[in-house]
Amino acid sequence: CWSTTPQPTIENEKITATAENGLGDFSITISGLQWGTTYYVRSYATNSVGTVYGDEVSFTTWNVTTNIPTNITDNSADCGGTIVAEGKTDFIEKGLCWSNSANPTIENEKLILNGENFSGTITRLTDGVVYYVRAYATNAVGTMYGEEQTFTTLTVPTVETYNAENVSYTTATAKAKVVDDGGATVTERGFCYSISNTNPTLNDNKITVGNGTGNFNYSFTGLTDNTTYYIRSYATNSVGTAYGNTINFTTIEITA
């Protein structure tokens with residue numbers, strides 16, 4: 001007889017075994033148990049007087065846990081799992097499976113690994129995507145999955161450029177905002193500008209305005225009158241550089 005609580009009796013789960021004259025050794029396979037669960041079991045014997053119980057023993061069915069992903073980049077992440085199993089269990093395969101939808105299985109992407117405590121690097125991911133990952137282990141009975149973990153791969157920041165203000169003969173103020181850091185610290189932000197390239201980049205002229213997210217601005221001076229300038233904000237993190245939309249303005253012409 002067995003239960004998930006100590007001191008099971010025949011009022012709990014039980015299975016009957018027979019022996020010659022009711023005496024001697026007997027063995028039974030208990031089936032239909034739950035993964036990762038501790039069970040308490042006692043042998044018993046009944047005659048006309050009543051029922052007597054043997055010593056209690058306990059065991060835990062094997063289980064798989066999934067580690068929290070670490071070292072997340074724009075296209076990879078480290079993860080792993082642990083198998084908890086008492087006694088000899090012959091595993092056919094173990095590792096990680098993942099998908100961009102919930103409850104991934106070994107029918108999705110998978111990485112085969114070794115050891116009771118196993119870890120590896122998931123690669124070939126897409127930046128800025130939410131992924132779901134589970135450790136798994138397979139034996140002759142079937143495949144067991146650990147709990148689901150989620151992570152989002154890094155991507156470049158999101159930045160917006162606003163219309164220029166206070167445009168005069170030789171000055172103008174540019175404004176922008178880093179809306180999202182892409183999951184990694186924005187180490188540099190600012191404006192790039194040109195009078196010939198309608199979509200300026202860092203290879204043109206640039207002005208650095210600090211780091212991090214949020215609003216920022218810069219007051220340009222020493223501009224040429226009656227000239228059209230093209231300006232884009234930019235922001236850089238460990239993944240790369242992203243540009244905001246391009247705006248343009250024309251400085252006022254100086255007349256005699």
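Residue indices begin at 1 and follow the sequence shown.
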Reported NZ-to-OG1 distance for the pair Lys14 and Thr51, which is rounded to 0.5 angstrom | 8.0 Å
Residues which pass ring pair (Phe, Tyr, Trp, His ring centres under 6.0 Å) with Phe118, listed by chain and number, not counting sequence neighbours = none
Check whether the side chains of Tyr234 and Thr161 place a donor and an acceptor atom closer than 3.5 Å, and report yes or no.
-> no
Does atom CD1 of Ile68 have more than 12 heavy-atom neighbours, drawn from other residues, nucleotides or ligands, at distances under 6.0 Å?
-> no
Exactly one of Thr73, Thr153, Leu154 clears side chain to side chain contact (heavy atoms under 4.5 Å, CB included) with Val239, and that residue is Leu154
Whether over 12 other heavy atoms sit under 6.0 Å from Lys110 NZ | yes
Atom CG of Asp55 with >12 non-hydrogen neighbours under 6.0 angstrom = no
Does Cys1 offer a backbone N or O that forms a donor-acceptor pair with the side chain of Arg42 under 3.5 Å?
-> no
Kindly write out the residues that satisfy ring pair (Phe, Tyr, Trp, His ring centres under 6.0 Å) with Phe191, not counting sequence neighbours, or none if the list is empty.
-> Phe216
Student check: side-chain heavy atoms of Trp98 and Leu125 closer than 4.5 Å = yes
Ala140: side chain to side chain contact (heavy atoms under 4.5 Å, CB included) partners, not counting sequence neighbours | none
Scan side-chain atoms only and decide if Thr221 and Thr171 contain a donor-acceptor pair under the 3.5 Å cut-off.
-> no
Kindly determine whether Glu93 and Tyr136 satisfy side chain to side chain donor-acceptor pair (under 3.5 Å), including the steps that lead there.
-> CA-CA 8 Å; Glu93 185 177 294; Tyr136 74 90; 2.7 Å; yes
Taking the side chain as every heavy atom from C-beta outward, state whether Pro8 and Glu13 have any pair of such atoms under 4.5 Å apart.
-> no
Exercise: do Asp225 and Thr251 side chains pair donor with acceptor under 3.5 Å | no
Residue Asn114 excluded, over 12 heavy atoms near CG under 6.0 Å = no
Answer yes if the side chains of Thr121 and Thr123 hold a donor-acceptor pair under 3.5 Å, and no otherwise.
-> no
Between CD1 of Ile106 and OG1 of Thr138, what distance do you get to the nearest 0.5 Å?
-> 4.5 Å
Taking the side chain as C-beta and beyond, is there a heavy-atom pair between Ile30 and Tyr39 under 4.5 Å?
-> no
What do you reckon, is OH of Tyr169 surrounded by more than 12 foreign heavy atoms closer than 6.0 Å?
-> no
What about Tyr243 and Ile231, same hydrophobic cluster or not, with Ile/Leu/Val/Met/Phe/Trp/Tyr joined at side-chain heavy-atom distances under 4.5 Å?
-> no
OG1-CD1 distance between Thr170 and Ile254, expressed to the nearest 0.5 angstrom | 6.5 Å
So, Asn199 and Thr246: side-chain donor and acceptor under 3.5 Å apart, yes or no?
-> yes
Taking the six-membered ring for Trp, are the ring centroids of Tyr193 and Phe220 within less than 6.0 Å of each other?
-> yes
Determine, step by step, whether Lys94 and Ile83 satisfy the side chain to side chain contact (heavy atoms under 4.5 Å, CB included) criterion, reporting the C-alpha distance in whole Å, the side-chain angles of both residues, the deciding distance to 0.1 Å, and the verdict.
-> CA-CA 9 Å; Lys94 64 194 77 170; Ile83 297 175; 3.8 Å; yes
Glu116, CD atom: more than 12 neighbouring heavy atoms under 6.0 Å = no
When the ring planes of Tyr44 and Tyr53 are compared, do they come out parallel, tilted or perpendicular, using 30° and 60° as the limits?
-> tilted
